Amino acid sequence: MSLLIVGADNVRTIENEVARLAPALLDTPTEHWSGRKAGDSRRVIPSRTRLVVVVCARVNHELLRHVRRQAEKSDVPLIYCRHSALEMREKLAEFIGRQPAAAWQ
């Protein structure tokens, strides 16, 4: 299982929150797309990805649409947040709290 973070400059805060709420998501290294490279909007979400966190303040519309389409096609859940750590914490907790415990095993 893996986590994909799109658009954040520093992924440590997000990784720490995921480790606290759903440690099974961090069994493999976290994938990170900064959104600053032109090629990011052509990248493919890895097949092992179980959750995508998009920091909207750091991505352009093209990348946002590209990630959303791929996630929908692969049935991978998305969490959108602004650049606020508090908002990200709340959305992660809400999302993970709605999932059955077996989903993260």
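Every heavy atom of this structure was used, including side-chain atoms; hydrogens, water molecules and symmetry mates were not. Values in this document were obtained by computation on a predicted structure and should not be read as measured data.
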**Q.** Residue pairs, two or more places apart or on separate chains, that pass side-chain hydrogen bond (donor to acceptor under 3.5 Å, both in side chains) and touch residues 14-24
**A.** R12-E15, E15-T30, E17-R20, E17-R89

Q. V6 pairs by side chain to side chain contact (heavy atoms under 4.5 Å, CB included) with which of L64, L63, V53?
A. L63

Q. With no hydrogens and no angle check, do the side chains of Q70 and H66 hold a donor and an acceptor under 3.5 Å apart?
A. yes

Q) Any side-chain heavy atom of L78 sitting closer than 4.5 Å to one from F95? A) no

Q: Mind checking the CG-CZ spacing from L4 to R50? Nearest 0.5 Å is all I need.
A: 14.0 Å

Q: For S41 and A38, work out which heavy atoms get closest and say how close.
A: OG-O, 3.4 Å

Q: To the nearest 0.5 Å, tell me how far E62 CD sits from D40 CG.
A: 10.5 Å

Q. Is a side-chain donor or acceptor of S74 paired with a backbone partner of V76 at a separation under 3.5 angstrom?
A. no

Q) Linking I/L/V/M/F/W/Y whenever any side-chain heavy atoms sit under 4.5 Å apart, do I79 and M88 land together? A) yes

Q.
Do E31 and T49 have side chains that approach each other closer than 4.5 Å (heavy atoms only, starting at C-beta)?
A. no

Q. Is it true that V54 and I5 fall in one hydrophobic cluster, defined by side-chain heavy atoms closer than 4.5 Å?
A. no

Q | Min side-chain heavy-atom separation I14-V55 under 4.5 Å | A | yes

Q: Keeping the roles fixed (side chain from E87, backbone from C81), state whether a donor-acceptor pair exists under 3.5 Å.
A: no

Q. Which pair of non-hydrogen atoms, one from K37 and one from S34, has the smallest distance, and what is that distance?
A. N-OG, 4.2 Å

Q) If every non-hydrogen atom of P29 is compared with every non-hydrogen atom of S2, which pair is closest and at what distance? A) O-OG, 3.4 Å

Q) Under a 4.5 Å side-chain heavy-atom rule over Ile, Leu, Val, Met, Phe, Trp and Tyr, are L3 and I45 clustered together? A) no

Q. Given side chains that start at C-beta, do those of L92 and L51 come closer than 4.5 Å, heavy atoms only?
A. yes

**Q.** Heavy-atom check, side chain of W33 versus side chain of V59, under 4.5 Å
**A.** no

